[in-house]
Trainee: 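Pasting a structure here, questions to come.
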Amino acid sequence: NLTTAFVKFGIDTQLGSLPLTGNIGVQSITVDQSSDIGFSSGLVPGTTEINRSIVTSGAKYTDVLPSLNLALELPHDMKLRFGAAITVARPRMDDLAGGASYSVVADNATPDEVDGDVFYWKRTGGGNPELKPWKANTFDLSLEKYFGSQAYVSLAGYYKKLTTYIFNKSIITSFEGVLLPDQTSPSDPTSFTEADANRLGISTVRVNGSGGYIRGVEFTASLPLSILTPMLDGFGFIVSGAKNSSEIDINGVETAVPGLSEEVVNTTLYFEKAGFSARVSNRYRGDFIGEVPAFDSSLTLNSVKAESLLVAQIGYEFGDGRLDELSLG
């Protein structure tokens, strides 16, 4: 449940002789989240009775998110834009969901070992209903040049200081009071003698980290070729490219933000005239660290190779008449 209150003021003034427009505002977002983690079975403290119950977990918090956007009109159809804000990105629903499960290593199998400590228990799956969102202090600056209403080019830079983010973390957990796989009650005999004696295990859960950044530059151009010569009327191209870097700490290892390529280039060549349209687009993205689903649907970090995707499209839109607004593609 999200409850949002906000206020925004427009800006329309002069900086010297130059028009300055934009807005300033603030949002207050109160989040009340919860999830039924699952069906819990365990011993009642000090007895041999089993307690079975639905376990619910969650969090309630408020984010205050100010923002400022400014646009300064410059001579020669140029515009300088600046933005600063605190922004959030919500956790995925599967990040918040409960329903974790556990497994136990049999006595004749090899247990997990971390720094000389042996662990027979393991918790996997499920999410963390207490997760906070990704949160960042963001700054954006761009310079734009317009050629009438036909074309423009822009160069932008951005910096995002991450104050919270989400990642998988393995932590040591006590499984005291949890039934072994072949038990229906605490008095049942079990073949898991070592696991019954050593009830420490490893839990892999989604948690919030702090610190990190995303920074980069982006270039964009949209240009109909008719501004160069009337012979190319109808032809044009759109191109944008971004170069960035990022860093967060995942279990003591500095790594790039998952899902973020260092290089991204999008290019489109098009022809649009007399109802006919044709375009060829290519999207390139460089290598990146991706969150890839494993066989149990949990997400694991893996290197993903660069890719280039080429798409072509052709179409025709009918004009006035009985087929007005009908298009084929």
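Side chains are part of it too, since the values below use all heavy atoms of this structure and drop only hydrogens, waters and symmetry mates. Small disclaimer: the values here were computed from a predicted structure and weren't measured.
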Trainee: Check the pair Phe288, Glu262 against side chain to side chain contact (heavy atoms under 4.5 Å, CB included), reporting the backbone distance first and the verdict last.
Mentor: CA-CA 7 Å; Phe288 64 97; Glu262 290 189 3; over 6 Å; no

Trainee: Main chain of Tyr102, side chain of Arg123: is a donor-acceptor contact present, judged purely on distance under 3.5 Å?
Mentor: no

Trainee: I would like to know whether Val304 and Ile289 meet side chain to side chain contact (heavy atoms under 4.5 Å, CB included); could you show each step before the answer?
Mentor: CA-CA 6 Å; Val304 181; Ile289 302 296; over 6 Å; no

Trainee: Do Phe271 and Leu232 belong together in a cluster built from hydrophobic side chains that touch within less than 4.5 Å?
Mentor: yes

Trainee: Which heavy-atom pair separates Asn198 from Val118 by the least distance, and what is that distance?
Mentor: ND2-O, 2.8 Å

Trainee: Test question: given the 4.5 Å side-chain rule for I, L, V, M, F, W and Y, name all other residues clustered with Phe6, or answer none.
Mentor: none

Trainee: For the residue pair Trp121 and Phe119, establish whether any side-chain heavy-atom pair is separated by less than 4.5 Å.
Mentor: no

Trainee: If we ignore hydrogens and angles and just use 3.5 Å, is the side chain of Ser261 paired with the main-chain N or O of Arg285 as donor and acceptor?
Mentor: no

Trainee: Taking the side chain as every heavy atom from C-beta outward, state whether Thr13 and Leu15 have any pair of such atoms under 4.5 Å apart.
Mentor: no

Trainee: For residues 154-165, which residue pairs pass the side chain to side chain donor-acceptor pair (under 3.5 Å) check, not counting sequence neighbours?
Mentor: none

Trainee: Establish whether Leu2 and Tyr61 are linked, either directly or via other cluster members, by ILVMFWY side-chain heavy-atom contacts under 4.5 Å.
Mentor: yes

Trainee: Do you know the tightest heavy-atom contact between Ala221 and Val153?
Mentor: CB-CG1, 3.7 Å

Trainee: Side chain of Asn23, backbone of Phe9: donor and acceptor closer than 3.5 Å?
Mentor: no

Trainee: Side chains of Asp77 and Phe147: does their closest heavy-atom pair fall under 4.5 Å?
Mentor: no

Trainee: Which distance, rounded to the nearest 0.5 Å, do you find between the CG of Leu20 and the CD of Gln14?
Mentor: 8.5 Å

Trainee: Between the side chain of Asp63 and the main-chain N/O of Val88, is any donor-acceptor distance below 3.5 Å?
Mentor: no

Trainee: State yes or no: do Met78 and Val217 share one hydrophobic cluster built from I, L, V, M, F, W and Y residues joined by side-chain heavy-atom distances below 4.5 Å, directly or via other members?
Mentor: no

Trainee: Output yes when a side-chain donor or acceptor of Gln33 lies under 3.5 Å from a complementary backbone atom of Pro129, and no otherwise.
Mentor: yes

Trainee: Could you give me the CA-CA distance, side-chain angles and deciding distance for Ser67 and Val26, then say whether side chain to side chain contact (heavy atoms under 4.5 Å, CB included) is met?
Mentor: CA-CA 6 Å; Ser67 65; Val26 63; over 6 Å; no

Trainee: Does the Asn168 side chain pair with the main chain of Ile250, one donor and one acceptor, at a distance under 3.5 Å?
Mentor: no

Trainee: Is atom CG of Asn251 surrounded by more than 12 heavy atoms (other residues, nucleotides or ligands) closer than 6.0 Å?
Mentor: yes

Trainee: Hey, is the main chain of Ala85 close enough, under 3.5 Å, to the side chain of Thr138 for a donor-acceptor pair?
Mentor: yes

Trainee: Grab the two heavy atoms, one from Ile202 and one from Ser170, that are nearest each other, plus how far apart they are.
Mentor: CG2-CB, 3.9 Å

Trainee: Apply the test side chain to side chain donor-acceptor pair (under 3.5 Å) to residues Asn282 and Ser308: give CA-CA distance (whole Å), side-chain angles for both, the deciding distance (0.1 Å), then the verdict.
Mentor: CA-CA 7 Å; Asn282 186 78; Ser308 186; 3.0 Å; yes

Trainee: Using every non-hydrogen atom in the two residues, find where Ser34 and Thr56 come nearest and quote the distance to one decimal.
Mentor: CB-CG2, 4.3 Å

Trainee: Give the minimum heavy-atom separation between Ala195 and Val105, together with the two atoms involved.
Mentor: CB-O, 4.3 Å

Trainee: In Å and rounded to the nearest 0.5 Å, what is the OG to CD1 distance from Ser203 to Ile172?
Mentor: 10.0 Å

Trainee: Count I, L, V, M, F, W, Y as connected when their side-chain heavy atoms are under 4.5 Å apart, and connections chain through other members. Are Leu143 and Phe82 then in the same cluster?
Mentor: yes

Trainee: Passes side chain to side chain contact (heavy atoms under 4.5 Å, CB included), Val311 versus Val280? Steps please.
Mentor: CA-CA 6 Å; Val311 179; Val280 178; over 6 Å; no

Trainee: Does the side chain of Ser142 come within less than 4.5 Å of Glu144's, by heavy atoms?
Mentor: yes

Trainee: How long is the gap from CG on Asn266 to OH on Tyr284, to the nearest 0.5 Å?
Mentor: 12.0 Å

Trainee: Please name the residue in the list Leu162, Thr87, Leu65 that meets the side-chain contact (heavy atoms from CB on, under 4.5 Å) test with Lys135.
Mentor: Leu65

Trainee: Measure the CG-CZ distance between Asp249 and Phe167 for me, rounded to the nearest 0.5 Å.
Mentor: 7.0 Å

Trainee: Give a yes or no on whether Lys169 atom NZ has more than 12 heavy-atom contacts from other residues, nucleotides or ligands under 6.0 Å away.
Mentor: no

Trainee: Restricting to pairs with a member in residues 222-236, which pass salt bridge (charged side-chain N to carboxylate O under 4.0 Å, His left out), not counting sequence neighbours?
Mentor: Asp233-Lys273

Trainee: Atom CG in Leu260, atom CG in Asn244: separation rounded to 0.5 Å?
Mentor: 4.0 Å

Trainee: Does a donor on one side chain and an acceptor on the other come within less than 3.5 Å for Ser240 and Glu218?
Mentor: no

Trainee: For the backbone of Val292 and the side chain of Asn302, can you confirm whether one donor and one acceptor N or O come within less than 3.5 Å of each other?
Mentor: no

Trainee: Got Leu180 and Arg199 here, is their nearest side-chain heavy-atom distance under 4.5 Å?
Mentor: yes

Trainee: For Thr204, is there any backbone N or O sitting under 3.5 Å from a side-chain donor or acceptor partner on Lys122?
Mentor: no

Trainee: Is there a continuous path of hydrophobic side-chain contacts, each under 4.5 Å between heavy atoms, that joins Leu269 to Ile227?
Mentor: yes

Trainee: With a 4.5 Å cut-off on side-chain heavy atoms, are Leu96 and Ser35 touching?
Mentor: no

Trainee: If you define the side chain from C-beta out and look only at heavy atoms, does anything of Ile11 sit under 4.5 Å from Thr21?
Mentor: no

Trainee: Got a second to check how far Leu326's CG is from Tyr316's OH, nearest 0.5 Å?
Mentor: 10.0 Å

Trainee: With a 4.5 Å cut-off on side-chain heavy atoms, are Phe237 and Thr267 touching?
Mentor: no

Trainee: State, to 0.1 Å, how close Asp95 and Arg206 come at their nearest heavy-atom pair, and which atoms those are.
Mentor: OD1-NE, 3.1 Å

